[in-house]
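A quick write-up on the structure given underneath.
The chain is numbered in sequence order, starting from 1. Atoms within each ligand, like the ligands themselves, are counted from 1 in listed order.
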Amino acid sequence: MYILKKYETREEMVVQLAQDMITVLEESVDTDGQASWAVSGGNTPKPLFHAMRETDLAWDDITVSLVDDRWVPESHPRSNAAMIKQELLQGKAKQASFLTLYREGKSPFDCADDVNKEYEQQAIPFSSILLGMGPDGHTASLFPKAKGLEEAFHMEKAPTISPIEAIQSPVTGDEILRLSLSARAISQCNHIRMMLTGPEKLEALEQATAEGSDLPIARLMRVLNHPLTIYYAD
Ligand SMILES: O=C1O[C@H](COP(=O)(O)O)[C@@H](O)[C@H](O)[C@H]1O
């Protein structure tokens, strides 16, 4: 179900994961003239973004997009789009194109079709997807028992982008409305990596993927074509 790559230090993990990402993005640019990288929000990937933004990739041939976002404008402190702009799209990486998910004045359920078209025209196929995981077993914004979850897991009909209304919890905070890559869209990518840090996350991963688990991360692993590669350090 997953391959755990465990490192002694977070710094070492970041070096190795950055090299893994650089290799696949370079290969895509060399082969197709462009690369597409979908990245998660939250706090965990920030050190990776700091490493990536100073690398000599052909950033102007790379489209960065969001794995998921809260339904909030970029002025909101929990906007993933704002975090990516601040932490990744700086330095050399400033030349990358960026696709966001939030659209002002509409609900995610109203505008998912429009965003979906943009993603399908500009981001598909993804060269690489960087996932995170929450302590409740969510990944992307595929939250346990959320409205929209079953549609996002429909392996024939799910669009690339799925609207989600999560059940409010300490993990979601107030921002329960989201747009997320669907499980189907994630499963179509050949290079999917997850970054996890801290023993609490490791324990959460083990619990969430225990036999019989129906949490989104466990369900996602079951529909992927390859075991999920997880980079981890305490
Ligand atoms: O809600 C979210 O949380 C997950 C995990 O975030 P972290 O801060 O615990 O790393 C993140 O992967 C996702 O993009 C975000 O929207």
Legend entry - For atom 8 (O) of ligand 1, the protein heavy atom that lies nearest, with its residue and separation: Asn43 N, 2.8 Å
Legend entry - Mode of Asp68 contact toward ligand 1 - side chain, backbone, both, neither (heavy atoms, under 4.0 Å): side chain
Inset, instruction - Give a yes or no on whether a salt bridge exists between Arg193 and Asp20, defined as a side-chain N under 4.0 angstrom from a carboxylate O. - result: yes
Inset, instruction - Examine ligand 1 and decide if any of its atoms is less than 4.0 Å from a heavy atom belonging to Asn80. - result: yes
Inset, instruction - Please report which non-hydrogen protein atom sits nearest to atom 11 (C) of ligand 1, along with the residue it belongs to and the distance in Å to one decimal place. - result: Gly41 O, 3.7 Å
Legend entry - Rounded distance [0.5 Å steps], CG in Asp113 versus SG in Cys111: 9.0 Å
Legend entry - Donor-acceptor contact present, side-chain Arg10 to main-chain Thr197, <3.5 Å: no
Legend entry - Protein contact of atom 9 (O) of ligand 1 - nearest heavy atom, named by residue and atom, plus distance: Lys201 NZ, 2.7 Å
Legend entry - Axial cation check for Tyr231 ring with Lys6, 6.0 Å and 45° limits: no
Inset, instruction - Please confirm whether Leu131 comes within less than 3.5 Å of ligand 1 when only nitrogen or oxygen atoms on both sides are compared. - result: no
Inset, instruction - For the pair Phe49 and Trp37, name the ring-plane relationship: parallel under 30°, tilted 30 to 60°, perpendicular over 60°. - result: perpendicular
Inset, instruction - Assert yes or no for the condition that the ring centre distance of Tyr102 to Trp71 is strictly below 6.0 Å. - result: yes
Legend entry - For Ser40, atoms of ligand 1 separated by under 4.0 Å from a heavy atom: 12 (O), 14 (O)
Legend entry - Nearest-neighbour protein heavy atom for atom 10 (O) of ligand 1, which is reported as residue plus atom name and distance: Thr44 OG1, 2.5 Å
Inset, instruction - Taking only Lys NZ, Arg NE, NH1 and NH2, and the carboxylate oxygens of Asp or Glu, determine whether Arg184 and Glu151 approach each other closer than 4.0 Å. - result: no
Inset, instruction - For atom 3 (O) of ligand 1, state which one of Glu200, Lys46, His138 supplies the nearest heavy atom. - result: His138
Inset, instruction - If you have a sec, work out which protein heavy atom is nearest atom 5 (C) of ligand 1 and how many Å separate them, to one decimal? - result: Met133 O, 3.9 Å
Inset, instruction - Starting from atom 6 (O) of ligand 1, find the nearest protein heavy-atom neighbour and note its residue, name and distance. - result: Gly42 CA, 3.7 Å
Inset, instruction - Do me a favour and list the nearest non-hydrogen protein atom to atom 1 (O) of ligand 1 with residue, atom name and distance? - result: Arg178 NH1, 3.1 Å
Inset, instruction - State the CG-CD1 distance between Asp114 and Ile161, to the nearest 0.5 angstrom. - result: 12.0 Å
Inset, instruction - Examine ligand 1 and decide if any of its atoms is less than 4.0 Å from a heavy atom belonging to Arg70. - result: yes
Inset, instruction - Applying side chain to side chain donor-acceptor pair (under 3.5 Å) between Asp68 and each of Ser141, Ser162, Ser180, report the one that passes. - result: Ser141
Legend entry - Protein heavy atom at shortest distance from atom 12 (O) of ligand 1: Gly132 CA, 3.5 Å
